[in-house]
Each structure stands twice: as C-alpha cells, then as structure tokens.
Amino acid sequence: MIGDIVSGSENSKIVLIEDSIDANGRNVLLSYIVSLSKITEEVHLLLFDVRGQDTQEALKSLGIQNVKVHRASTDLLQWDRSQGIGLHTDIKAYIRERLSPGTKSVAVVIDSLSPLLTHTSPSFTCKTLHELAYSEALRSQVQQVVTLLHGDLHDDNSLSLTHHTCTTVHKMVPITTPYAMFCCNTIHKKVSGKVVKIRESFNITEEYQVTEVAEVKQMSQNLPADQNQLDPTANLTFNLSLSDKEKEARSQVILPYTYNKERQECVLAKSVGEGKIFYQPDEADDFDEEDPDDDLDI
Amino acid sequence: MATTSFQKKARVKINQIPGTKPSLFNNQLLISSGVPSLDNIIGGGLAVGTVCLIEEDVYGSYSRLLLKYFSAEAAMTGHSLLLASADQDPQLIVKELPGPILDDPGDVTKGNTPEQSENMKIAWRYQHLPASQAGHSSSKFGHYYDLTKVMEPQLISSVNPALVGIEELERECKECKDLNPKYKYLLKRIEEEIDRGHFSTTEQTDKRSILRIAVHSLGSPLWDECGGLASNQEDLDYSLPRFLLALRVLMRSAFAVCMITIPTHLFQIPGYVGRLRKMCDTVLHMDSFAGSDKEKNPAFKEYHGLFNIVQLPRLNSLLCHMPDTLDFAFKLRRKKFTIEKLHLPPELSETANRNQEDPVPHLQPSTAICSTTKPNKLDF
C-alpha cells in the first residue's frame, strides 16, 4: 500500500506522515519528495521545523533540481518583519507568486506541520491544507500535498481534526518484525469512498526508494482458526447421509401434519385470516341418521 | 324541517404541492428523503418545517451519499434546492447526483417469485405467503436511484439549485462576535432564499413548492470549528448550537426541509453533541464498518454499517412515531443504497466463534420521545 501511494500509482490528495520520538518519519517524507520530483514539474518544500535542515541537506546530496525550498523556521512569528514565510502567511498566495511560469503540475511538501498546529488553531491548519490541495486560485494544478507531523506534541482533538482533513495518514510505529527498518499504520481513503487500514513494514534505500513492503499481521487473530475444524458428523450413532433410494422411501412416509392433496390446496387457496371447517368422522363415531331435534317443538 | 347546522368539513386542498403527502399519524406534510427505505422507518418521510441531522460516519462517505439522495429527490419532484458545503465543491456534488430509475421497481420483485413457488413439503402452509421485507408501499412517493449513473444536467438545472461553497463563505463573511461568521452568512443566505422563492408560510402564492436545504459536513474544521472548542482551546464555542436553533426557527415558518450532516465524531465533548441533537428534530446516526474491527465480524457480513435512530420528532402529538425495531443496518450495493432491519446470519458452526456479547449496542432513542427513560417504580 505505502509503496503505491509513494510512487503515485495510488492517488491521494493530502498525505500526512505522523511520527513520534520513537519512530522517525523524515525518511518517508524524503522518499515522497524524491518520488514527487519525478512525477511533477516542481516541488515546493516549506520548512517550518527546526530539523528541516536535515531534509534540505539530504536533498542537496541527492542533487535533485526541481525542488524549491522555502525556509520559514528562522522567523516564525515575523517579529523582524522579514520577507520570508511565517506562521500567518497565506501559503497559497505565497506559493502562487513563486511558481515558475508555465508549470502545470506542482506538489507542496511541508516539513513539519507541528509549529503551525501549536501556534495557530487546528481549523486554520486544516483550512491551509485544504486550500493548498483543492483551491482554484493556484492556477497550475497541485497534485499532492505531503506533510510531516510530530504526533506526540499535540492533543487528541487537534490530531483528529487534522486526520479528518487528510486523505492518507501514515502513522509511524516502532518496528516489531526483523529485517525491516520502518513500520507504519496506514489509513488511506480511496476516491471511491473505500477505506484501507493496514500495518506495513518496509525498508528505504539510500536513494530513498521504498522497498520490501510487507504487511504485518496481528498475531492474536491467526491463532484460534485451526482448532475448531473437527468434523461433528464423524462418530454418530445414527445415519445422516442417505442414499437416493432411502431418500425416496423417506418421502413416501405420511407425516401426521400432512393433509391430503385436496385439503391442502383448499387451505392454500384461502387468503390469510379466513378459515374453513373440515369434519372427518372417525370410525368409532356412530352417526345418527335421524334428526336429533325432531322432538322439539320449535 | 329539521335542518342541521352540521356540515361535513370538506378538506379544501388536499396535497397540492407535488412530492408531498400528509402523514398517516399526525397529518403533517411529509416529503421523501430520497431513500424510500429510510422514509419507512422514520414514519413516512421528513416533515415539512423540520431539521434533520445526520451524524456522519467516520470517513463521511455514506452520509454524503444520503445527502446526494436528498438533493436528487429535489430535482425529481421539482422542489427548490440550496446546497452548502465547505469541504467539497458543491458544483461537484451536484454533478455526481445519482440518476433516477424511472420504471416501476415493483417489477423487480415479481421476477423473483417463480423460483420460490416450488412445493414446500413440511412448511407447506407458508407457500402462499409473500416473501419478507417486500412490504414497501408502492405508492408514488420517493424515487429509486441508480448509483452507477449520474443525473442528467438538464434535470438538475431545471430546479436551478443555489450552491454555497467555501469561496463564497470566505468572501462574504463579516466579523461577528457572538456567532461564527460563516454560520451567520449561511443563515442569511437561507433567509434570502426563503424570501426569494416565497416559501414563507405567511406569504400567499399560487404555486407552492418546497425548499430543500442540504448542508454538507457542517462543523468540520473548514467551517472554522475546532471540535466545539473556542479559540483558546478551553472554553466551548456555542456558535453551532445557536446556529441550529436559529435555523430551526427559520424552518418552522417556511415550507422548507433541512438536512444537515455533521461529523460529530470530531466533537470530543459528549455533552456538546447532546446539545446539537436537541436543536434538531430528526437525528440519525450512521456507523460505518469501514476501517473498524466490525468489518470482519461475521455477524455483519452482509452490511456496511449500522444505522441508529437517535431522535424522532414529536409533531402535533404527544408521541413520536416508533418503528418496530431500533436495530437497523445499511448496505450499499452496486446500484442501490438500502436501510434494512438488522438480521444476524444463522449460526452454523458447532462451536460459537462469535463474540458472546451483543455487538449491536442497544440504543434507546431517548430524547424527543416523551416517556421518561428512568425506570419508574410503577412500571412492572
């Protein structure tokens, strides 16, 4: 799953990589940037994080040309009234001004949404993401917005609001399987409305390619399956499997509640709620021919 | 000459508005929600002048579908439509409305009967009884839609839907202290729409119609809502309940019906959601299995989610409509979305591999229903 989303074969508009102190997500972000630089004409990287330096240096060493870096971490609250990007900058307008003319497909990568989410309201952050991905104002089409978020810095409310806005959430978790460097829980909302929830382990090569993706199955679910497979018909004292001949013999038996054909049809012909009285005189019954009431003077 | 002053009161106008019918319970004017199986369980349909709240499933796909059905029904019955959404472009939602199935759906059920007419040997008395769940009234109220097709653009443009998107909300909203400016603008817009189309009950018009108002994902972060919290992240923001109250007041004096979807799972404070529910008339909750453990539970194999009735309105009467059961589930086939009674599949295996505890939560539709929920000493 994660391999398809990173390579772009599975479409996703807003991707969130949520990491924590135990499991770093920056490598996954870098693989997204590398992949996006191949698919789109221009990648705009916004650095809000103090560790954004790492991302920048890694990109330099790879020598990718079409990534434009916008640093913001030096003056987040714009106390110096500097020209760069700050927390309250309209990112949409900022990027629009800096687009190379004629570009058709752009991707926006935000290295760490965390400063934005701590200093501004969650709804502002969600709106920023949504505008970047869907707004008509950015004339060239934004293919994808990828963001990193340090999940352990924020409260549940902000996180759930951010997750609601994103179409894919990778939550990095500590590894549990051997031979893998990374592990993440992915929730991906497909365009059709289907939701995929999966835990996968994978490796990332030196060129930031996602390889060796394998699903990590929950151990507890697999255990009890085999034990209940005993055949209940094995040691029976009676015969359950009938031959055709025996079946025919069985169908000949008249059961106590079966009526003769005529009477059955008569009952079925009635609609629900109506009734009819049938009288079957039994053998011991002495039926009196005479009118039992003829001595009465009515 | 014994003349009597008694005269039979003739009902002068019976159901002159297309796409409406009077309720069998309280004579309220009803319109179809667009899903006939939903109409059945909420007592015939949505009453004119009420607000229906749909609590969204976690990923919002099924509630959006319900809203599309509601909007598509407007085009089919010729009602006016106002569609507002901040999360999605309303143009896009209108383009994706499902196409109607115009021939009678009754024929479909008839096609199946010859298979079943083979003779029953033991349970022969049941032979001539109709199959279960076929008991929908076949009256011409509510339409069936085919999800694989989209509605023709001419049909949609014939009702000329008024669309309110995020850009209009952003542009038009003015600063407002006591109410979220986006809500305020939406209220103003609805009021204008009621005036423009003469939907108010005080106005006399020759050709009455109904205004359907569909609001998608109200209270999502894109409406500047932080899960019910004010900007300082501590106090509650009462904009949303206030908006709903004001909306309900507007609805009561208009020939209009409002359907709102709210992602209530984003509101962390349970009391807040309770307030929202109280401000609406009908409250329905969709609980999709997508992405949850229930998806793999064998008990729910046939369904896509649970459908809970949280609240039904009491209109002109002491009691609300009460469905036979409160356990409903919805399923989405390729073409059709239906809401059915929840039936558990037969337990075939020797050992119970199903969880013993009941996976269906027993919800009491508490609120608008008049009886007290607390056990009374006088009750047996």
Side-chain angles (χ1 to χ4, degrees), chain A residues 118 120-131 134-137 155-165 167 169 185-198 218 221 224-225 227-233 250-251 255 257-259 261 264-265 267-272, chain B residues 56-62 64-65 86-89 92 119-130 165-167 170 180 182 217 219-233 237 263 265-269 288-293 295-296 304 332 349-353:
Chain A
T118 32
T120 62
S121 73
S123 69
F124 178 83
T125 314
C126 294
K127 256 162 58 188
T128 308
L129 283 178
H130 192 266
E131 277 174 356
Y134 297 103
S135 175
E136 301 274 319
D155 57 305
D156 289 347
N157 187 29
S158 317
L159 284 178
S160 69
L161 290 171
T162 325
H163 289 180
H164 179 75
T165 317
T167 52
V169 178
N185 291 331
T186 303
I187 297 174
H188 175 58
K189 298 173 218 170
K190 288 189 180 179
V191 186
S192 62
K194 216 179 157 216
V195 177
V196 183
K197 200 175 186 183
I198 196 170
Q218 240 69 27
Q221 287 178 357
Q227 295 163 356
N228 297 333
Q229 290 303 311
L230 285 174
D231 185 11
T233 58
R250 186 184 61 179
S251 67
L255 297 168
Y257 47 81
T258 40
Y259 298 157
K261 196 90 182 164
Q264 209 179 88
E265 264 156 27
V267 171
L268 287 179
K270 297 265 172 213
S271 63
V272 186
Chain B
E56 287 187 12
D57 48 314
V58 176
Y59 302 105
S61 46
Y62 295 104
R64 189 166 61 237
L65 196 67
D87 287 51
Q88 274 196 320
D89 188 1
L92 200 74
N119 271 341
M120 292 189 195
K121 194 159 166 51
I122 295 174
W124 55 269
R125 272 173 192 274
Y126 294 102
Q127 211 158 273
H128 68 309
L129 292 182
I166 180 82
E167 258 127 44
E170 289 281 347
N180 183 328
K182 283 184 179 155
S217 222
S220 78
L222 299 175
W223 291 86
D224 289 334
E225 185 78 50
C226 295
L229 295 174
S231 50
N232 64 0
Q233 294 280 312
D237 181 12
H265 57 95
L266 293 179
F267 296 90
Q268 308 274 328
I269 310 136
S288 150
F289 299 150
S292 80
D293 300 336
E295 201 172 17
K296 289 174 185 123
H304 289 100
L332 179 67
S349 62
E350 188 81 347
T351 51
N353 57 2

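Ranked by heavy-atom pairs shorter than 4.5 Å toward chain B, the options A:His163, A:Lys194, A:Lys189, A:Glu131 are led by A:Lys189. Contact tally against chain A (heavy-atom pairs below 4.5 Å) for B:Asp87, B:Leu222, B:Val58: the top residue is B:Leu222. Chosen from A:Ser121, A:Pro122, A:Ser192, the residue pairing most often with chain B at heavy-atom distances under 4.5 Å is A:Pro122.
Atom SG of A:Cys126 and atom CD of B:Glu225 lie 12.0 Å apart (nearest 0.5 Å). Expressed to the nearest 0.5 Å, how far OG of B:Ser217 lies from NE2 of A:His164 amounts to 4.5 Å. Note that the CG atom of B:Leu266 and the OG atom of A:Ser123 stand 12.0 Å from one another [nearest 0.5 Å]. Going from atom CG of A:Asn157 over to atom CD1 of B:Ile269 covers 7.0 Å, rounded to the nearest 0.5 Å.
Both the backbone and the side chain of A:Leu161 come within less than 4.5 Å of a heavy atom in chain B. Looking at A:Ser160, the atoms closer than 4.5 Å to chain B (heavy atoms on both sides) sit in the backbone and in the side chain alike.
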Would you sort out whether A:Tyr134 and B:Ile166 count as a side chain to side chain contact (heavy atoms under 4.5 Å, CB included), showing the intermediate values?
-> CA-CA 11 Å; A:Tyr134 297 103; B:Ile166 180 82; over 6 Å; no
